[in-house]
Amino acid sequence: MRVEITIDPQDPHRDLVREDAEFWLGNRARAAWRVREDEDLNGREVLTFEFTDPLDAFDFHHRIAHAEHRGKLV
């Protein structure tokens, strides 16, 4: 299962989103995961987190990213 988060380069909290994600992944994930970084047409950073455990994806989606960064579960 995947979780996509979009971060605007002008967002003053962009570093906090990354730090929170890194902490959560290193300390809370129960199974394997990986992350891919892309850029959308508007210059925003798109982080796609892929989880082998769907519960990790749901927990990550609901507990890590602030509402304005929350993407979608895919």
Side-chain angles (χ1 to χ4, degrees):
M1 185 169 245
R2 294 183 311 226
V3 177
E4 294 178 350
I5 297 176
T6 303
I7 303 173
D8 190 318
Q10 303 301 320
D11 184 349
H13 302 291
R14 66 185 174 278
D15 292 335
L16 291 176
V17 174
R18 277 185 167 278
E19 290 170 9
D20 288 349
E22 289 173 4
F23 179 83
W24 192 94
L25 292 167
N27 294 291
R28 303 280 186 203
R30 294 174 284 267
W33 56 270
R34 65 183 179 164
V35 63
R36 184 179 72 232
E37 293 185 41
D38 294 311
E39 190 173 296
D40 69 7
L41 297 174
N42 297 320
R44 297 177 299 182
E45 186 175 3
V46 179
L47 303 174
T48 303
F49 299 89
E50 296 184 34
F51 296 92
T52 57
D53 184 339
L55 291 176
D56 282 344
F58 283 108
D59 287 348
F60 183 81
H61 175 72
H62 291 293
R63 294 184 184 166
I64 287 305
H66 301 285
E68 64 268 19
H69 302 289
R70 264 193 208 137
K72 56 187 173 190
L73 289 167
V74 182

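Using a 4.5 Å heavy-atom threshold, the side chains of E45 and L47 count as touching.
At least one donor-acceptor pair closer than 3.5 Å links the side chain of T52 to the backbone N or O of A32. The backbone N or O of I7 lies less than 3.5 Å from no partner atom in the side chain of D11, so there is not a single donor-acceptor pair.
A salt bridge is defined here as a Lys NZ or Arg NE, NH1 or NH2 lying under 4.0 Å from an Asp or Glu carboxylate O, and R36 with D38 meets this definition. For R44 and E39, the salt-bridge test fails: no basic side-chain N is under 4.0 Å from an acidic carboxylate O. Under a 4.0 Å N-O distance rule, the pair E50/R2 does not qualify as a salt bridge. R18 and E37 are joined by a salt bridge, as a carboxylate oxygen and a charged side-chain nitrogen come within less than 4.0 angstrom of each other.
Between R28 atom CZ and L25 atom CG the span is 12.0 Å, to the nearest 0.5 Å.
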Verdict with reasoning, D40 to T6, per side-chain contact (heavy atoms from CB on, under 4.5 Å): CA-CA 9 Å; D40 69 7; T6 303; 4.2 Å; yes
Check the pair R30 / D56 against salt bridge (Lys or Arg N to Asp or Glu O under 4.0 Å), numbers first and verdict last.
CA-CA 7 Å; R30 294 174 284 267; D56 282 344; 3.3 Å; yes
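No path of Ile, Leu, Val, Met, Phe, Trp and Tyr side chains, each step under 4.5 Å between heavy atoms, connects V17 with F23, placing them in separate hydrophobic clusters.
Residues F49 and W33 keep their aromatic ring centres 6.0 Å or farther apart.
Between W24 and F60, the two ring planes are perpendicular [angle over 60°; tilted spans 30° to 60°].
A search for side-chain hydrogen bond (donor to acceptor under 3.5 Å, both in side chains) contacts involving D53 returns nothing, not counting sequence neighbours.
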